[in-house]
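See structure below.
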Amino acid sequence: MPYHEFECSKCIPERKQHAVTKGPGEDLTSCLPKGYLNTIPGSISERGCAYCGAKHVIGTPMKDVIHLSHGPIGCTYDTWQTKRYISDNGNFQLKYTFATDVREKHIVFGAEKLLKQNIIEAFQQFPDIKRMTIYQTCATALIGDDINAIAEEVMEELPDVDIFICNSPGFAGPSQSGGHHKINIAWINQKVGTVEPTITSDYVINYVGEYNIQGDQEVMQDFFKRMGIQVLSTFTGNGSYDDLRAMHKAHLNVLECARSAEYICNELRVRYGIPRLDIDGFGFEPLSQSLRKVAMFFGIQDRAEAIIAEETARWKPELDWYKERLKGKKVCLWPGGSKLWHWAHVIEEEMGLKVVSVYTKFGHQGDMEKGIARCGEDALAIDDPNELEGLEALEMLKPDIIFTGKRPGEVAKKVGVPYLNAHAYHNGPYKGYEGWVRFARDIYNAIYSPIHQLAALDISRDPIPTDKGFVTQRMLSDASLPEEIRASTTLRQYSGAYDSVTPLRDKTYPTFDSRPAAAE
Amino acid sequence: MEDVTKTRVEQLIDYIMKNCLWQFHSRNWDRKRQNENILGMTTKLLCGEPVTPETPEDKCYWVDAFCLAEAYRERHPWLATLGVDQIRELMAKLHEQLDFQTITGSLNEELSDQHY
């Protein structure tokens, strides 16, 4: 096994099995780190907890729900607003967060009365919202509060409300991924099959594992609607609680983030016979293949081909403008879970970047299989890294940019490496054809920002070149480009609007006649 | 395996690994089912045989198989020079190798979990 041992982690020998370098001829039978294990004592992990994974990642993007944490107030605060999962209903789920504010006396005497009082008060304060999700936390799990019983009582007293219980306290798994699992299974056990939906199309899908980061879901939904496909529910970005209770009526589950949501797809297949189709919404070619596959499933491939042709013609020249300027730039692709495999190959193919490392904070070995399979030789793959390992890898690999979360991202900036937010994005959405160009633009802006040249100079040590003027992005990026590329009249920079999502909400869509070949 | 066949299998498997997701379902039995059905249909399509998916699950296998066959034809012109028996033989070796990499030789310790 081509393990990589970090100098800084030699005192934690177990860490060696969590990093590998993909050498020549290596494949998945010889090159795979350990994964989804408890963090090794002594290693300060960048992981979240199982409560965070359930609430912050999966539960809260549901848009028409009071999201109530039963526990101390810090639990809800620290899982609030740091991911931009917007919605088309005024961002209710981002504006508000709710907690029962459990304190020491409740730990001693119990917090069930407090919980009931909070549930009723929250519904009274927001009379238009009739749905609630209650998240268990470590404190209330340990004292044994019966959240289900309280929720049942309230639903009897207030018959027009519905409450979902997510029993995933912070300690219920090695990382946030434990919470993804628990909320998937809880949702299908408690809620799927409890609402019968209105079916408006011959072609009906659940769009699963999509969280509408800066509008990703709305971009993809636009494509589906243009093909005449009904998105019955989205699990869970911009998703509606009652739509998600009707998941059992879809013809197909289209799965984006398998890391966080494959569980519910697998269960929907076993319990309701709905097949699972894994797709990639990022990148021109993977997205085109994905739209093509969904359309082929329903026998409407012509509709997908029309979209692919139109979108490619509109946006490809802009993607290629950036590709010419990003070729050969080295990337540390260090996201949370699924983006290490969604992005690993396609950013090399379509943007010319070179992935020198992938890591995952909470991914499983299955995610590393996908990521390592899609990487080239010499890529360093790290599971559950700590901050010192991250710094050592940056020093060793000398990347031009890092795609990661905001905490490790800020660390990278301190050592002069530009970072893009892989979780909440900088100027997304990044899905869709236009979104992929927006991503390329963000990468370009980060790598070639003149601030990095200026920031790299230490005024207490380095000579300051006072005889040189300010260098612009284009001066930096175009310095070594051939004239025909620099002066190309076909390639162009991003020309879309600042907000590419809001206009989609008022769009009208074509209606299609029923086809006899429609899915059963 | 002779050198030419080995190289061709490597090329075919490289495409799957870099561009597909269907081979990485979460459990051994899922991967076995996926590999068998999708590569089975791909083989038929490459041999010019009809594939008629009947159930929703079959349709899912078929869309992945169809796209894979198209990609292979586009990227590997040498496929057009092979006879039906040669294609079957090549695809059988590919199946064997894919099963090895993703199931029997896999280092993923979660594959044998009894539950999702």
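A note on names: the letters A, B, ... follow the listed sequences, proteins ahead of strands, and every chain is numbered from 1. In this text, all values refer to a predicted model and were calculated from it rather than measured experimentally.
Shortest non-hydrogen contact noted between Y263(A) and Y116(B) is CD2-C, 4.1 Å. Residues D64(B) and L277(A) share a closest heavy-atom pair of OD2-CD1, 3.8 Å. Of all the heavy atoms in S26(B) and N266(A), the pair that sits closest is OG-ND2, 3.2 Å. Among all heavy-atom pairs drawn from I279(A) and L21(B), the shortest one is O-CD1, 3.7 Å. Of all heavy-atom pairs spanning R31(B) and G366(A), the tightest one is NH2-CA, 4.5 Å.
Taking non-hydrogen atoms and a 4.5 Å limit, the residue list of residues 44-54 of chain B in contact with chain A is empty.
Neither the backbone nor the side chain of V346(A) comes within less than 4.5 Å of any heavy atom in chain B. Interface remark: H25(B) contributes backbone and side-chain atoms alike to the contact with chain A (heavy atom separation under 4.5 Å). Residue F100(B) touches chain A through both its backbone and its side chain, counting heavy-atom pairs closer than 4.5 Å. Only the side chain of E262(A) comes within contact range of chain B, with at least one heavy atom under 4.5 Å from a heavy atom of that chain.
Contact count against chain B (heavy-atom pairs under 4.5 Å) is highest for R276(A) among R292(A), R276(A), E285(A), K370(A). Ranked by heavy-atom pairs under 4.5 Å with chain B, the first of E349(A), R269(A), M1(A) is R269(A).
Considering NE2 of H364(A) and CG of N108(B), their distance stands at 10.0 Å, rounded to 0.5 Å.
Classification of E109(B) and K34(A) as a salt-bridged pair holds, one side-chain N sitting under 4.0 Å from a carboxylate O.
Annotation: cation-pi pair K59(B)/F297(A) present, NZ/CZ under 6.0 Å from the ring centroid and within 45° of its normal.
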